[in-house]
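Report on one structure; see the data block that follows.
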Amino acid sequence: MSTAAASAPIAAPAPSAPPRLAPSCSFHPYDNGGGAVEYLLAVGDGRQFKIPALAHRLLTALDGETPLERLSADLRSEGFEIAPAEIERVVGRYAAVGAIARPTPDAPNAPSGTPAPFRSRFPLWAVGTLLPPRPVAALARALRPLYRPALALPLLALIAWSHALVYSRELRVATLLPESYLAIVALVLGSMLFHELGHAAALSRFGGAPGGIGFGLYLLMPTFFAEVSQLWRFPRRRRMVVDLGGAYFQQIAFAAFALAAARTGRMELLAACRMIDVLVLVALNPVFRFDGYWFLADYLAMPKLHGIALRYPLWRLRRRLGLPAPPLALPPLGRLARAVFVSYSFLASAFLLFAFWLSYRYLTQALTQFPAAAARAWGAAGAALAAGEPALFAARLLAAFFLVAVPATVLLAVALALAACGRWAGRAISLRGAALRGARRSA
Amino acid sequence: MNNPSKGAGLAVERLLADLSPEELEPRLELQVFVDPMATLVTAANNNNNNIKPPEGG
């Protein structure tokens, strides 16, 4: 289980005392899609690491009493040649990530049993908690029956039927008032919260403890998220269910809104349904790091799918041309999985190139019109406020926010992509230089 | 000519690299809130309808 972060860094053991595994560590089998046996190591501060079987064997033998010489001899008898000095270096690496206990009892490791605090990483920032882990766990427990086949199958049928209902009706949005617009936003935000509970409930159904649900800015776009890091400990099929759980729950919200629309004839409910489908489609797009991406990453057993998939076309081209190409760390893939990976790799690369071109065209247009449009939008919001119309003001304020947030997000994304390309090119040039210098020295 | 001590050093480095832990990133299932006005306008256009967005949107 995840545990809280230690406030002080964890020191490597004193050279004289045999090292001991930190008591807050736990091991779990890791499903890597059929490759060599690997384990998942969870350390006291909540971080999780993929480790090979030999490292697992070595770490579990660190009881604070067995000298490294004895451990080395034991491993040699099992067919692993690893000297005590090498074991010490390996232990040093694990001490650096908090897996080795402090040598004295008065300096304990991170206490176990407390949830790890969530650390956000750019491009997700300005993060806030909507629901802390405890209420999320309680709600997830209450909602997990929705994954029982006896309930899930009729619900899927209801979802299909509700789509037929919504898309057979005309969306007369011209009749919507600012209040209706705010009601639609509230309904959609509610469905997004339910989406995140869907991930948490799936994790809970498989025996995991979900983290909190929060919101933040992804670049500059408002974003909801559920922390489900414990799913790394589950077999890939279960991880894939957790990945799709959000879309499933949001579609249940869609069905509920559609039924309400059929009963009341309210246009806001129909409009909310349409928006939910757009959001779900965005979430299932496997190119960006949303639900669809993780579903594919879990199916292919590639935790760093982007890194591998986006390098693959160039790697294949280099091999075709007979140029040196360092091996790619691909897990064993069946015929279907290989076809999926290769298709994804080429399509995602093409999609990103297309998105790059599209962003350039969008930005050249948006940025020239931006000053006048922004002034108009903010002026309109101010006028609504001055006229004492809070609903109209809120609707116009939201529209003005997106008028700024969308081009700014695209601009940031393009800048980040260019920076990544620059870093990659710099690395490639320096590697090439090092290889040439090495070849010259050998000659 | 090959240097045996250099070869052994490389083998140790490879072993250490193989035994090193690889961090799995925290799993956050994200959902982006897209521009609701644009979504509704698109939905309306698909339906051959018109929408009057709040002025300035």
Side-chain angles (χ1 to χ4, degrees), chain A residues 41 47-52 54-55 82 86 89-90 93-94 97 119 124 170-174 178 181 184-185 188 192 195-196 199 218 221-229 231-232 243 246 271 274-275 278-279 282-283 289-291 294 303 376-377 379-381 392 395-396 399-400 402 406, chain B:
Chain A
L41 162 69
R47 283 178 298 164
Q48 299 179 109
F49 299 87
K50 192 155 68 84
I51 62 168
L54 179 56
I82 177 163
E86 290 157 15
R89 287 180 68 185
V90 173
R93 294 200 174 178
Y94 282 88
V97 301
R119 292 180 298 267
L124 182 69
E170 194 182 21
L171 185 64
R172 294 188 307 276
V173 285
Y181 178 63
I184 294 164
V185 170
V188 171
M192 290 178 78
H195 173 118
E196 301 307 340
H199 294 300
Y218 189 83
M221 296 299 283
T223 300
F224 282 61
F225 64 84
E227 207 259 306
V228 290
S229 296
L231 65 66
W232 284 122
D243 295 330
R274 300 285 189 109
M275 272 196 69
V278 173
L279 291 173
V282 171
R289 293 163 79 89
F290 304 140
D291 299 357
W294 286 117
R376 211 168 43 242
L392 187 61
R396 285 179 176 176
F402 279 105
V406 174
Chain B
M1 206 170 133
N2 286 339
N3 181 345
S5 69
K6 194 178 169 188
L10 280 176
V12 169
E13 288 308 319
R14 198 172 304 128
L15 175 74
L16 288 174
D18 288 347
L19 289 179
S20 292
E22 182 187 329
E23 187 169 1
L24 294 165
E25 66 178 285
R27 278 293 281 267
L28 295 182
E29 303 281 2
L30 302 171
Q31 193 181 29
V32 172
F33 182 56
V34 294
D35 181 356
M37 206 62 245
T39 310
L40 287 180
V41 170
T42 310
N45 288 343
N46 289 345
N47 233 13
N48 295 322
N49 262 319
N50 290 318
I51 179 174
K52 287 178 188 158
E55 204 171 304

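So you know, we letter chains A, B, ... as the sequences are listed, proteins then strands, and number each from 1.
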Inset, instruction - Please flag which part of A/L231 lies under 4.5 Å from any non-hydrogen atom of chain B: side chain, backbone, both or neither. - result: side chain
Legend entry - From B/E29 atom CD to A/E227 atom CD, the distance as rounded to the nearest 0.5 Å: 10.5 Å
Legend entry - Distance (rounded to the nearest 0.5 Å) between A/H199 NE2 and B/Q31 CD: 7.5 Å
Legend entry - Side chain, backbone, both or neither of A/Y218 within contact of chain B (heavy atoms, under 4.5 Å): side chain
Legend entry - Euclidean distance, A/R89 CZ relative to B/L15 CG, rounded to 0.5 Å: 9.5 Å
Legend entry - Passing candidate, side-chain contact (heavy atoms from CB on, under 4.5 Å) with B/F33, options A/T223, A/V185, A/V282: A/V185
Inset, instruction - Could you grab the distance from atom CD of B/E23 to atom CG of A/L41, nearest 0.5 Å is fine? - result: 10.5 Å
Legend entry - Residue pair A/L279 / B/V32: nearest heavy atoms and the distance that separates them: CD2-O, 3.2 Å
Legend entry - Proximity breakdown for A/E196 and chain B, heavy-atom pairs closer than 4.5 Å: side chain
Legend entry - Under 4.5 Å from any heavy atom of chain B - which part of A/W294: both
Legend entry - Interface moiety of B/L24 toward chain A, non-hydrogen atoms closer than 4.5 Å: both
Inset, instruction - Give the member of A/P303, A/P52, A/A226 that has the highest number of heavy-atom pairs under 4.5 Å with chain B. - result: A/A226
Legend entry - Pairwise distance CG(B/D18) to CG(A/L54) - rounded to 0.5 angstrom: 9.5 Å
Legend entry - Separation of A/F290 CZ from B/L30 CG (nearest 0.5 Å): 6.0 Å
